[in-house]
Amino acid sequence: MDTRSVAPPPAPPAPTLTGAWRFTVAPADVSVPQTRHAVRELLRRQGAPLSAELLHGVLLILSELVTNAVRHAALLTPVIGVEVRLEGGWVRLAVEDGHPYRPAALHAAPEHGHTGGRGLLLVKATAHEAGGCCGVEPTAAGGKAVWAALPLDLARGPEAPRR
């Protein structure tokens, strides 16, 4: 009988937590749930360590950003750009449109009587509650990209997907 030990086969490579994915959607209401579904599946496939609560926040932010682009920039935006980036322990979402207006709601405080832009206030509150941040940047084409970045749950692995 051979008593030599055999090394187990190497473990499959862990999913990468670095990458950027960009796609475009139509400036139409149907794009909101389609984008949310696509990003949920992308994050699941990449094995991004997101608790159910953090994933809910990510998808809420994404829905608000795409909804704002559809509602407020559709006339000047033939397509809406969506970017998802996993890098350095963070997930960053950005939604780009062709409208030059930079929303002030990300810098406003609701207790000071600001009544418009409540969706962006929700984005800001959700990002900050998760330990993240958000902002708006001009694009080279004269539009803007509204973004939010949230830290991944690196202390834990990804949750098993629920069916």
Side-chain angles (χ1 to χ4, degrees), residues 13-74 77 79-99 101-110 114 116-139 143-163:
T16 180
L17 290 178
T18 301
W21 299 266
R22 183 167 171 79
F23 58 95
T24 59
V25 297
D29 289 338
V30 69
S31 295
V32 177
Q34 290 173 344
T35 302
R36 190 173 48 244
H37 176 75
V39 169
R40 179 188 307 116
E41 288 305 305
L42 169 69
L43 293 171
R44 184 191 62 76
R45 281 192 319 272
Q46 294 306 312
L50 296 164
S51 66
E53 182 179 353
L54 185 56
L55 178 60
H56 176 75
V58 165
L59 297 176
L60 174 67
I61 288 171
L62 182 68
S63 293
E64 289 295 334
L65 296 183
V66 175
T67 297
N68 280 350
V70 167
R71 288 191 181 156
H72 303 295
T77 306
V79 294
I80 295 168
V82 178
E83 183 179 83
V84 179
R85 182 176 296 271
L86 293 170
E87 187 172 45
W90 291 79
V91 58
R92 184 180 191 271
L93 308 165
V95 174
E96 183 179 318
D97 64 53
H99 199 290
Y101 172 73
R102 310 289 187 269
L106 291 177
H107 308 291
H114 298 282
R118 296 210 187 257
L120 287 177
L121 291 175
L122 182 60
V123 166
K124 181 178 178 181
T126 302
H128 285 225
E129 185 176 295
C133 54
C134 56
V136 60
E137 300 168 345
T139 64
K144 66 184 165 302
V146 184
W147 59 269
L150 292 86
L152 295 170
D153 293 327
L154 293 178
R156 56 186 286 143
E159 286 194 352
R162 289 186 218 180
R163 301 264 176 217

Worksheet item: Below 4.5 Å, heavy atoms only, C-beta onward: do D97 and P27 meet side chain to side chain?
Response: no
Worksheet entry | Pairwise side-chain contact, T18 with L86, heavy-atom cut-off 4.5 Å (strictly under) | no
Worksheet item: Between D153 and S51, is there a donor-acceptor pair closer than 3.5 Å when you use the side chain of the first and the backbone of the second?
Response: yes
Worksheet entry | Contacts of A145 that satisfy side-chain contact (heavy atoms from CB on, under 4.5 Å) - sequence neighbours left out | E96, T139
Item to complete: For the residue pair V79 and F23, establish whether any side-chain heavy-atom pair is separated by less than 4.5 Å.
Response: no
Discussion item. Holding to side chain to side chain donor-acceptor pair (under 3.5 Å), I want the full list of residues that pass it with E129, two or more places apart in sequence or in another chain.
Written reply: none
Worksheet item: For A130 and L150, which heavy atoms make the closest approach, and how far apart are they?
Response: CB-CD2, 3.4 Å
Worksheet item: Would you find more than 12 non-hydrogen atoms of other residues, nucleotides or ligands less than 6.0 Å from H56 atom NE2?
Response: no
Side-chain donor/acceptor pairs under 3.5 Å, residues 61-71, sequence neighbours excluded:
unit_1	atom_1	unit_2	atom_2	d
S63	OG	R36	NH1	2.7
S63	OG	L59	O	3.0
T67	OG1	S63	O	2.7

Response to the item:
So CG of L93 and CG of L43: to nearest 0.5 Å the spacing works out to 7.5 Å
Worksheet item: Quick one: does Q34's side chain get under 4.5 Å of H37's, heavy atoms only?
Response: no
Worksheet item: Below 4.5 Å, heavy atoms only, C-beta onward: do V146 and V95 meet side chain to side chain?
Response: no
Worksheet item: Looking only at atom types and distance, does a side-chain atom of K144 sit under 3.5 Å from a main-chain N or O of H99, one as donor and one as acceptor?
Response: yes
Response to the item:
Nearest heavy-atom contact between I80 and A26 is CD1-O, 4.1 Å
Item to complete: Go through the structure and list residues passing side chain to side chain donor-acceptor pair (under 3.5 Å) with R40, not counting sequence neighbours.
Response: none
Worksheet item: Looking only at heavy atoms, what is the nearest atom pair of W90 and G132, with distance?
Response: CZ3-CA, 3.8 Å
Practice prompt. Just jot down the salt bridge (Lys or Arg N to Asp or Glu O under 4.0 Å) partners of E87, sequence neighbours excluded, or say none.
Written response: none
Fill in: Closest non-hydrogen atom pair, C134 against K124
SG-CA, 3.7 Å
